[in-house]
Amino acid sequence: MIVLMISLMQYALTYELDVNTFSNYLDVQNRHLHLEWLLNMDKKYINATSTYKFQVIGRSINKITLDIYKLNIYSTYLYNGLSLQHTIDNPYADSDQGQRLNIQLDKTYYKGQYIELSIKYSIDSRSRSISFMTKEQTSTKTMPYLFSQCEDANCRALAPLQDTPSVKQTYTATVIFKDTEAADVFMSADESKEEFQVLYRPQDQAGFTWKYKYFIQKVPIPSYLIAIVAGNIKKVPTSTGGRTFLVSEPDKIQAYTDELREMEKFMQAIEQYIGPYTWGTYTLVIQPPSFPIGGMENPLLTFANPTIMTGTGSGLDVTIHEMAHSWFGNTITCVNWANMWINEGFTVFLERKASLFHYNIPDDIKLNAIIGNTSMYQDMLGFGLDSNFSSLHPDTTGLNPDDSFSKIPYEKGYQFLTYLESIVGEVDFQQMLRAYLVQYKYQSIDQQEFQNFLLRYLYEQGVDDYSTKRYKILENWNKWVYSPGLPPVILDFSTVKLTEAYDYTQSYITADGKQPTKWQDYINFLHSQKQVFLEDLFKQAQNNLLKLNVIEQIDKDLKLTEEKDFELKFRWFRAILTAGDKTRLTQISDFLGSVGRGKMVYPVYRALNLLDHDFAVQTFKTHEAFYHPIAKNNIKNILGLKEISIQ
Ligand SMILES: [Zn+2]
């Protein structure tokens with residue numbers, strides 16, 4: 001009996017494994033990482049030394065294995081200079097998961113012991129986490145530019161790491177760069193007042209001097225939150241709050257600052273729901289157009305796509321989303337990428353709570369949930385409704401987890417939490433989330449642990465009807481998490497604004513190439529309502545109900561081909577391509593060469609590929625150099641060009 005209890009306790013304390021790391025992280029974990037990087041931005045490589053403080057936490061070990069991806073490894077050695085042998089192998093030879101670096105230690109190390117070692121290596125333009133851009137690819141065209149994107153499992157292309165969200169470590173960094181190649185450098189860390197010991201100091205030469213910057217991240221973070229940006233960039237405060245800042249190229253910074261004047265208020269709206277921001281300052285970097293995603297929640301240094309800057313504030317929900325990650329994702333982290341909804345579902349939930357506080361438009365929240373649901377469903381159709389990638393728990397064994405990336409952890413996760421909130425009650429659910437953050441601060445957990453906590457919390461708080469609530473929570477839990485396809489419970493987000501948008505579509509379809517009487521209603525639509533209308537047009541096109549004369553009339557009235565707001569423009573292009581319109585291919589090609597955000601580029605490439613595969617391939621080849629490696633890889637997948645080797 002005692003044996004059984006002990007084994008049950010051990011089981012309860014064990015989280016899910018991460019199948020996407022080659023590291024022996026269950027036996028040994030890194031506690032602190034120090035990076036020394038010498039940037040050669042023009043020549044597109046980085047000379048690097050990383051130093052680790054590992055602690056044995058499981059079985060005794062004589063070997064440390066780390067994740068790498070196309071890094072050039074030169075040497076590995078202990079803190080005392082003793083050289084260590086290393087080998088590189090590739091357990092999944094034909095996969096994108098990367099390679100395994102095996103470091104043979106000098107002796108056996110036992111539980112509790114520390115191992116300090118260093119690795120000399122370099123990063124070159126094959127990296128899938130670093131985008132090296134030429135000065136011609138930037139807005140000011142004065143200096144080259146460099147930025148990283150590590151989520152999901154791409155940090156192994158930045159340094160040899162235990163590239164799993166299960167392991168959290170603090171980090172410091174010394175970045176050395178030429179004053180002619182970067183005006184400034186920032187990392188997902190505070191700037192350190194203390195200078196660190198530098199292993200290699202290059203000589204200044206005629207025409208440039210080397211600059212040094214030092215960074216420190218005192219909060220333990222998973223490796224996917226390590227980030228760097230360098231180029232002709234500067235940092236300015238965005239509001240009177242004193243804690244929010246903006247980084248971008250100098251030519252656009254004033255316009256961006258104007259549009260982001262509410263940033264401090266966004267933060268306050270989030271805090272109103274979930275409690276205080278504990279990370280100190282908050283800086284938003286508006287990246288160049290090739291940035292492959294909407295935003296990336298690197299702590300202290302969120303990266304965002306310039307498409308969120310529409311001039312009207314309509315794209316700023318991304319800012320609220322990334323800020324909300326400071327609580328969900330960065331403070332509590334998923335234990336592996338199968339549990340990504342522990343990051344994203346919670347963050348969307350908090351984002352929409354904060355949006356409601358800030359804007360107070362309940363219809364907008366519902367419409368955004370509907371738009372999210374539509375995108376999620378399209379992703380499910382792409383994977384197959386019965387594929388486990390369509391569940392909240394995708395199996396990415398042997399793959400790059402990016403392959404399973406979709407709206408599903410965001411929107412199905414959001415819907416699951418909304419469903420749980422409806423069982424628990426709004427006030428108790430909010431208090432539970434605040435307690436959850438205290439309980440698991442700076443830890444990585446899985447969905448089972450969240451369930452355990454939720455039930456324990458409700459029980460300990462003595463909530464009304466506990467046993468009924470417990471029954472309802474558990475009734476569909478596994479279906480929500482593990483079943484592919486649409487959620488087991490369909491939530492109602494309908495509003496009159498939705499009907500208005502659908503009626504508006506019908507008015508154009510019925511007018512059959514003429515101008516409907518209420519065509520100007522669009523001007524006063526909510527931004528989300530405009531998106532619903534464009535999604536509906538796409539659906540009509542899929543059903544062969546969107547005729548070319550209707551497209552002409554809509555464009556004449558609403559000027560959507562000239563639209564500056566890319567959130568609307570990409571939906572327009574997807575709809576008209578699906579309807580078979582070939583008259584705007586030049587504008588569509590220009591669009592695909594001016595934005596690298598996957599959410600906007602992939603659906604248009606998909607529609608273009610179905611309409612005219614050769615033109616789609618030709619368009620991709622024209623703009624290939626512009627795209628980030630992650631986007632390039634995904635577009636190749638869409639176009640069936642995966643056999644071309646990834647640079
Ligand atoms: Zn997110």
Side-chain angles (χ1 to χ4, degrees), residues 307 310 312 314 367 370-371 374-375 377-378 381-382 497-595 597 599-620 622-623 635 638-639:
T307 56
T310 60
T312 64
S314 61
L367 289 175
I370 288 166
I371 295 162
T374 306
S375 307
Y377 187 61
Q378 280 153 9
L381 290 177
K497 299 279 182 200
L498 182 71
T499 319
E500 279 173 20
Y502 289 159
D503 288 349
Y504 188 73
T505 314
Q506 282 312 316
S507 73
Y508 267 103
I509 303 280
T510 314
D512 195 21
K514 300 198 175 62
Q515 189 177 60
T517 46
K518 292 189 173 179
W519 71 274
Q520 286 175 313
D521 284 4
Y522 180 83
I523 298 160
N524 295 318
F525 272 6
L526 293 170
H527 188 255
S528 49
Q529 221 173 350
K530 293 179 179 175
Q531 292 176 60
V532 169
F533 158 62
L534 291 164
E535 293 279 347
D536 198 25
L537 276 188
F538 173 53
K539 209 158 111 193
Q540 302 296 330
Q542 286 178 307
N543 293 327
N544 295 319
L545 294 171
L546 182 60
K547 288 164 44 180
L548 298 184
N549 60 346
V550 174
I551 291 174
E552 288 305 325
Q553 187 61 44
I554 293 173
D555 210 12
K556 205 169 143 195
D557 294 343
L558 309 181
K559 311 275 182 296
L560 288 166
T561 300
E562 310 307 319
E563 176 62 62
K564 298 275 183 292
D565 182 338
F566 283 10
E567 193 74 57
L568 304 177
K569 191 170 191 161
F570 95 84
R571 288 186 165 87
W572 168 244
F573 284 155
R574 178 182 55 175
I576 65 171
L577 286 168
T578 305
D581 181 2
K582 283 192 172 186
T583 62
R584 292 164 176 80
L585 292 183
T586 312
Q587 293 95 321
I588 289 169
S589 174
D590 289 348
F591 168 77
L592 291 170
S594 65
V595 58
R597 183 175 171 187
K599 170 189 176 177
M600 298 173 172
V601 171
Y602 307 152
V604 177
Y605 265 113
R606 258 185 221 110
L608 185 60
N609 191 46
L610 284 175
L611 181 66
D612 188 338
H613 171 74
D614 291 344
F615 185 79
V617 172
Q618 185 195 323
T619 303
F620 169 66
T622 306
H623 305 308
I635 298 167
I638 291 165
L639 301 181

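From a predicted model like this one, the values you see are computed outputs, not experimental measurements.
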>> Donor-acceptor check, side chain of Ser589 to backbone of Leu585, threshold 3.5 angstrom: yes or no?
In response: no

> Should Phe525 and Val532 count as side-chain neighbours, where that means a heavy-atom distance under 4.5 Å?
Replying inline: no

>> Working to the nearest 0.5 angstrom, can you tell me the gap between Leu608 CG and Ile635 CD1?
In response: 11.0 Å

> Would Trp572 and Leu537 count as a side chain to side chain contact (heavy atoms under 4.5 Å, CB included) if you check the C-alpha gap in whole Å, the side-chain angles of each, and the deciding distance to 0.1 Å?
Replying inline: CA-CA 8 Å; Trp572 168 244; Leu537 276 188; 3.9 Å; yes

> Considering only heavy atoms from C-beta outward, does the side chain of Ile371 approach that of Ser528 to under 4.5 Å?
Replying inline: yes

> Looking at OH of Tyr605 and CZ of Phe570, how far apart are the two atoms once the value is rounded to the nearest 0.5 Å?
Replying inline: 15.0 Å

> Is the shortest heavy-atom distance from the side chain of Glu500 to the side chain of Asp521 under 4.5 Å?
Replying inline: no

>> Using every non-hydrogen atom in the two residues, find where Ala511 and Pro516 come nearest and quote the distance to one decimal.
In response: CB-N, 4.3 Å

> Which heavy-atom pair separates Leu545 from Ile509 by the least distance, and what is that distance?
Replying inline: O-CD1, 3.4 Å

> Under 6.0 Å from the CZ atom of Phe615, do we count more than 12 heavy atoms belonging to anything else shown?
Replying inline: yes

>> Under the salt bridge (charged side-chain N to carboxylate O under 4.0 Å, His left out) definition, can you give me all pairs with a residue in residues 599-614, not counting sequence neighbours?
In response: Glu567-Lys599, Lys582-Asp612

>> Tell me if the aromatic rings of Phe573 and Phe591 count as close, with their centers under 6.0 Å from one another.
In response: yes

> Quick one: CD1 on Ile638 to CG on Asn609, what's the gap to the nearest 0.5 Å?
Replying inline: 8.0 Å

> Of the non-hydrogen atoms in Thr312 and Thr310, which two are nearest, and what is the gap between them?
Replying inline: OG1-OG1, 3.0 Å

> Between Leu367 and His527, is any pair of side-chain heavy atoms under 4.5 Å apart?
Replying inline: no

> How many angstroms lie between atom CG of Leu610 and atom OG1 of Thr578, to the nearest 0.5 angstrom?
Replying inline: 7.5 Å

> Can you name the nearest heavy-atom pair linking Val601 to Val595, along with the distance?
Replying inline: CG2-O, 3.1 Å

>> With a 4.5 Å cut-off on side-chain heavy atoms, are Ile551 and Thr583 touching?
In response: no

>> Measuring from atom OG of Ser507 to atom NZ of Lys514, what distance do you get when rounded to the nearest 0.5 angstrom?
In response: 14.0 Å

> Can you tell me if Asp557 and Gln553 form a side-chain donor-acceptor pair at under 3.5 Å?
Replying inline: yes

> Angle class for the Tyr504/Tyr508 ring planes (parallel below 30°, perpendicular above 60°, tilted otherwise)?
Replying inline: perpendicular

> Is any side-chain heavy atom of Phe538 closer than 4.5 Å to a side-chain heavy atom of Gln542?
Replying inline: yes

>> So, taking the atom named CG in Leu534 and the one named CZ in Arg574, what distance separates them when rounded to the nearest 0.5 Å?
In response: 9.0 Å

> Where do Gln531 and Leu568 come nearest, in terms of heavy atoms and distance?
Replying inline: CG-CD2, 3.9 Å

> Would Arg584 and Asp555 satisfy salt bridge (charged side-chain N to carboxylate O under 4.0 Å, His left out), going step by step from the backbone distance to the final call?
Replying inline: CA-CA 11 Å; Arg584 292 164 176 80; Asp555 210 12; 2.9 Å; yes

>> List the residues meeting salt bridge (charged side-chain N to carboxylate O under 4.0 Å, His left out) with Asp512, not counting sequence neighbours, and say none if there are none.
In response: Lys547

>> Evaluate Ile588 against Thr619 for side chain to side chain contact (heavy atoms under 4.5 Å, CB included), listing each step before the verdict.
In response: CA-CA 9 Å; Ile588 289 169; Thr619 303; over 6 Å; no

> Are the side chain of Glu563 and the backbone of Lys569 linked by a donor-acceptor contact shorter than 3.5 Å?
Replying inline: no

> With sequence neighbours excluded, what pairs up with Asp565 under the salt bridge (charged side-chain N to carboxylate O under 4.0 Å, His left out) test?
Replying inline: none

